[in-house]
Amino acid sequence: ELIGHLETALQDLESADALQVEITETAFMERREKALIAVRQIKDLGISIAIDDFGTGFSSLAYLRDLGADVLKIDRTFVEGMSRKESDLVIVRSTIRMAHELGLKVIAEGVETDWQLLQLRQLGCNQIQGFVYAKPIPGLAIPDWATSFNEENGNPISTEAANADESNILPIISDAG
């Protein structure tokens, strides 16, 4: 059923690059074989796969290797803890390095402070997601938000979201800044 919905969605898009499917560690571990089949079908459609909430489940490194994901999203609990616990900073740094060496892009979730943003930039995180830039906003409001953000910060954020729907979207900033 999911594959059918994705195929329908792709008919309305110019490219599969506009879609990304996120799978949590827990969902994968509960239905490993079915998930692997579904992921292969999704990848065959040209849609990228993101592992969401990485580090919070009970998965092994084999999961990371076998899933064939394109993106790894570091769970917010580690990002929030970076300033309080050296162990969280070590986990974030190691996860970014490992993901890059596996050819994955990295998104840090829950980035709320300038200090976290600076640390993630220094660690080489590809993208950030969090309130440090914006709270979730309606999809149709993204072009105005991006224009305003660019004027205030001089950061190049694409304003090509004119076809976004009314769902709430948390902007993800590329290259961690």
Side-chain angles (χ1 to χ4, degrees), residues 1-82 87-111 116-117 119-130 132-133 136 139 157-158 161 164 167-177:
E1 186 175 328
L2 172 64
I3 302 304
H5 288 300
L6 292 172
E7 289 172 333
T8 301
L10 284 174
Q11 293 172 4
D12 296 331
L13 300 172
E14 292 179 21
S15 169
D17 293 340
L19 287 178
Q20 183 176 83
V21 173
E22 295 183 5
I23 183 169
T24 63
E25 288 181 86
T26 305
F28 179 78
M29 296 307 290
E30 288 175 356
R31 297 175 204 95
R32 184 177 169 86
E33 293 306 315
K34 277 188 169 183
L36 281 173
I37 292 168
V39 165
R40 285 187 195 109
Q41 292 172 327
I42 292 166
K43 298 273 292 176
D44 287 346
L45 294 173
I47 299 170
S48 71
I49 301 291
I51 300 171
D52 196 23
D53 300 334
F54 185 77
T56 60
F58 296 101
S59 66
S60 67
L61 294 177
Y63 154 73
L64 186 58
R65 178 196 65 210
D66 295 343
L67 189 58
D70 304 289
V71 176
L72 185 78
K73 295 181 76 174
I74 300 173
D75 188 72
R76 68 180 304 114
T77 56
F78 299 110
V79 173
E80 290 170 357
M82 287 190 321
S87 60
D88 281 350
L89 183 57
V90 169
I91 289 169
V92 170
R93 178 178 36 238
S94 301
T95 301
I96 291 170
R97 182 177 298 140
M98 177 182 59
H100 285 165
E101 289 183 12
L102 290 170
L104 303 174
K105 289 183 180 176
V106 179
I107 298 174
E109 298 179 308
V111 181
Q116 292 167 338
L117 179 61
Q119 291 299 309
L120 291 162
R121 280 182 178 160
Q122 291 175 348
L123 295 173
C125 186
N126 301 99
Q127 299 176 335
I128 67 99
Q129 178 179 331
V132 71
Y133 285 121
I157 296 176
S158 173
S167 63
N168 285 337
I169 297 173
L170 181 60
I172 297 177
I173 310 303
S174 294
D175 297 320

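These numbers come from a predicted model, not from an experiment. Nothing fancy with the numbering, it's 1 onward along the sequence.
- Residue Leu19 holds its CG atom at 8.5 Å from OG of Ser48, rounded to the nearest 0.5 Å.
- The side chain to side chain contact (heavy atoms under 4.5 Å, CB included) check on Leu45 picks up Ile3, Leu6, Glu7, Leu10, Ile47, with sequence neighbours excluded.
- Counting heavy atoms from C-beta outward, His100 and Val106 have side chains that approach closer than 4.5 Å.
- Inter-residue side-chain proximity for Val71 and Gln20 is flagged as met; some heavy-atom pair is nearer than 4.5 Å.
- Contact check for Ile74 versus Phe54: no side-chain heavy atoms found under the 4.5 Å cut-off.
- When the shell of 6.0 Å around NZ of Lys43 is examined, it contains more than 12 heavy atoms from other residues, nucleotides or ligands.
- Residues Met98 and Leu104 fail the side-chain proximity criterion, which asks for heavy atoms closer than 4.5 Å.
- For Glu80 (side chain) and Gly110 (main-chain N/O), no donor-acceptor pair under 3.5 Å exists by modelled atom type.
- Nearest heavy atoms, Gly46 versus Ala16: O-CB, 3.3 Å.
- For Thr77, the side chain to side chain contact (heavy atoms under 4.5 Å, CB included) partners are Thr56, Asp75, not counting sequence neighbours.
- Residues Lys34 and Ile37 form no side-chain contact, since every pair of their non-hydrogen atoms from C-beta on lies 4.5 Å or further apart.
- Residue Asp88 comes nearest to Gly81 through the heavy atom pair OD2-CA, 3.2 Å, listed as atom of the first residue, atom of the second, then distance.
- Within the 4.5 Å cutoff, side-chain heavy atoms of Glu109 are placed close to those of Asp52.
- Among residues two or more places apart in sequence or in another chain, the side chain to side chain contact (heavy atoms under 4.5 Å, CB included) test is passed with Arg40 by Leu36.
- Between the Asp70 side chain and the Ile49 main chain, a donor and an acceptor come within less than 3.5 Å of each other.
- In terms of heavy-atom proximity, Leu67 sits nearest to Val39 at O-CG1, 3.2 Å.
- Within the 4.5 Å cutoff, the side chain of Leu120 has heavy atoms near those of the Met82 side chain.
- If you take CD1 on Ile96 and NZ on Lys105, they are separated by 15.0 Å, rounding to the nearest 0.5 Å.
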